[in-house]
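Remember, it's 1-based here, ligands and their atoms both numbered in the order they're listed. Computed from a predicted structure; not experimentally measured.
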Amino acid sequence: MEKILNYIDGEYREPQSGKWLDNYEPASGEVYSKIADSDASDVAAAYEAAKNAFPEWSNTPIEKRSRILMKIADLIEENLYRLAEAESKDNGKPLSLATTIDIPRASANFRFFANAITQFSSEAHESVGLQTMNFTLRQPLGVVGCISPWNLPLYLFTWKVAPAIAAGNCVVAKPSEVTPLTAFLLGEILTEAGLPKGVLNIVHGTGPSAGQAIVEHADIKAISFTGGTKTGEHIARTAAPMFKKLSLELGGKNPNLIFGDCDYEKALNVSVRSSFANQGQICLCGSRMYIEASIYDQFKNDFVEKVKALQVGHPSEADTNIGAVVSKPHMEKVQSYIKLAKKEGATLLYGGEAVTIEGYENGYYLQPTILEVDDNTCRIQQEEVFGPLVTLMKFSSEEEALALANGVKYGLSATLWTQNLDRTMRLSKQLEAGIVWVNTWLNRDLRTPFGGMKQSGVGREGGFEALRFFTEPKNVCIQFGDRL
Ligand code: TXE
């Protein structure tokens with residue numbers, strides 16, 4: 001059985017404990033590989049490798065770093081189908097999605113930061129009266145930690161490690177133990193691209209063991225984390241006494257506001273996607289739809305009909321819209337929320353059942369599920385489920401829509417469907433979310449800041465924000481002239 005090994009100091013290594021975790025294929029429910037169950041000793045070895053690589057890497061000319069990142073991007077592209085197949089097998093997502101979104105985006109992350117680092121500049125301020133020149137040195141932090149989740153495995157892993165190494169840091173990174181395969185395969189690409197050994201070290205294993213060891217390591221200067229809000233809280237508590245720099249991208253419970261004056265067909269079609277893409281397992285999915293009363297009944301009926309047409313199936317089938325959810329415990333979590341919602345008084349409009357796919361009877365398949373609610377305070381409206389499940393609720397005024405949208409502890413993204421420019425501006429300012437999409441969804445320009453408000457996290461990544469996070473700004477003040 002294939003073994004998923006750590007990639008430390010430019011070579012694949014077994015975990016020092018000799019322990020392994022089972023890796024399940026969500027589409028079949030079968031164990032198909034073994035994952036290194038690493039602990040603090042492996043993290044320590046990864047840290048040593050990173051520390052030793054740092055002096056040379058941080059002094060490598062930016063053009064050379066940039067060329068290596070470009071090469072990594074090229075090699076990811078050359079391996080597109082192999083990586084997409086691996087991603088789909090490991091995560092359960094449709095192969096078509098991995099081929100068109102996940103892997104191209106992983107390549108784009110390296111390409112983008114290879115370019116961005118050559119344009120990253122700092123400020124200079126001359127104080128004429130004081131005869132001083134201040135400039136900001138932007139220095140890499142040293143060894144940093146990157147911890148990523150299972151929903152967009154290589155996409156989010158590279159979103160963190162690419163800016164970290166572009167800025168001259170060395171990295172100890174851990175992908176999710178639920179979906180480690182593509183990060184494991186990336187090791188070969190890093191070697192082939194000529195990334196010096198020790199610059200990027202990949203340690204596999206569980207959150208409480210390998211992940212916790214990264215956060216607890218006293219000399220790892222910063223942590224970039226994407227995952228659940230509870231884990232983020234725990235990481236913040238662990239890291240606080242060490243004054244580590246933190247970027248936490250956490251959960252979401254994103255509102256999708258549909259006004260009567262919207263482009264109806266576009267709002268309808270995109271809302272199907274924003275509810276169920278990647279089995280609803282994207283932190284940016286719109287899991288709460290609020291629809292204006294004037295179009296509510298019509299929109300509800302049309303939405304249900306469109307969702308009924310979605311094909312649940314094996315991820316490798318070309319006509320599959322909804323593949324398998326990521327794991328058995330996750331499937332049970334989503335099912336428990338459906339049960340809870342019904343108990344809380346929600347009406348099931350469609351779905352709610354597990355689906356059996358012939359030949360893959362033990363796979364984790366769920367129908368796309370639509371629930372109608374009339375109470376914004378119930379748990380199904382307040383808690384992140386992160387599965388193929390969306391709620392519909394009616395509103396009668398803009399003020400009410402805004403209050404409903406903001407009435408949760410999360411604040412990652414919000415989507416707004418309207419043709420009214422004044423309303424667009426009013427709501428864009430008042431919505432409590434790090435990203436507001438207007439008449440679109442999941443349009444991501446890599447130059448823009450990305451992150452959440454409230455319990456969706458702290459810090460921003462993306463574009464120069466990521467390079468700012470992964471560097472220490474140091475002010476240098478030089479006096480010149482004859483002033484005493
Ligand atoms: O995330 P975890 P899980 C949400 C979603 C999901 C829930 C739990 O609601 O159902 O979180 O998912 C590592 N120290 N999101 O359990 O546990 C872990 O090994 C250091 C939202 O998978 O937060 C993995 O690499 N690291 C989300 C990463 O953290 C620790 C994406 C995320 O795992 C750790 C995924 C610890 N103590 C889930 N414990 C989004 N916003 O995109 C765990 N980890």
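Ligand 1 lies nowhere less than 4.0 angstrom from a heavy atom belonging to Gln281. Residue contacts with ligand 1 do not include Gly232, since none of its heavy atoms lies under 4.0 Å from the ligand.
Looking only at side-chain heavy atoms (C-beta outward), Gln381 and Arg288 come within less than 4.5 Å of each other.
Test Val203, Ile8, Ile202 against Val172 for side chain to side chain contact (heavy atoms under 4.5 Å, CB included) and you get one pass: Val203.
Looking at Val334, Thr231, Leu412, it is Thr231 that brings a heavy atom closest to atom 17 (O) of ligand 1. Among Gly457, Gly228, Pro153, the residue whose heavy atom lies nearest to atom 11 (O) of ligand 1 is Gly228. For atom 24 (C) of ligand 1, the nearest non-hydrogen atom from the set Gly211, Gly227, Ser148 belongs to Ser148.
Counting protein heavy atoms only, atom 40 (C) of ligand 1 is closest to Cys283 CB, 3.4 Å. The closest protein non-hydrogen atom to atom 35 (C) of ligand 1 is Pro149 CB, 3.4 Å.
With salt bridges taken as basic N to acidic carboxylate O contacts below 4.0 Å, none links Glu233 and Lys230. Salt bridge status for Lys245 with Glu472: absent, with no side-chain N to carboxylate O gap under 4.0 Å.
A cation-pi geometry, defined here as NZ or CZ lying under 6.0 Å from the six-membered ring centre and within 45° of its normal, does not hold between Lys328 and Tyr24.
Under 4.0 Å from ligand 1, not a single heavy atom of Leu156 appears.
For ligand 1 and Gln212, the ligand atoms under 4.0 Å from any heavy atom of the residue are 14 (N), 20 (C), 36 (C), 37 (N).
Distances between N or O atoms of Thr206 and those of ligand 1 include no value under 3.5 Å.
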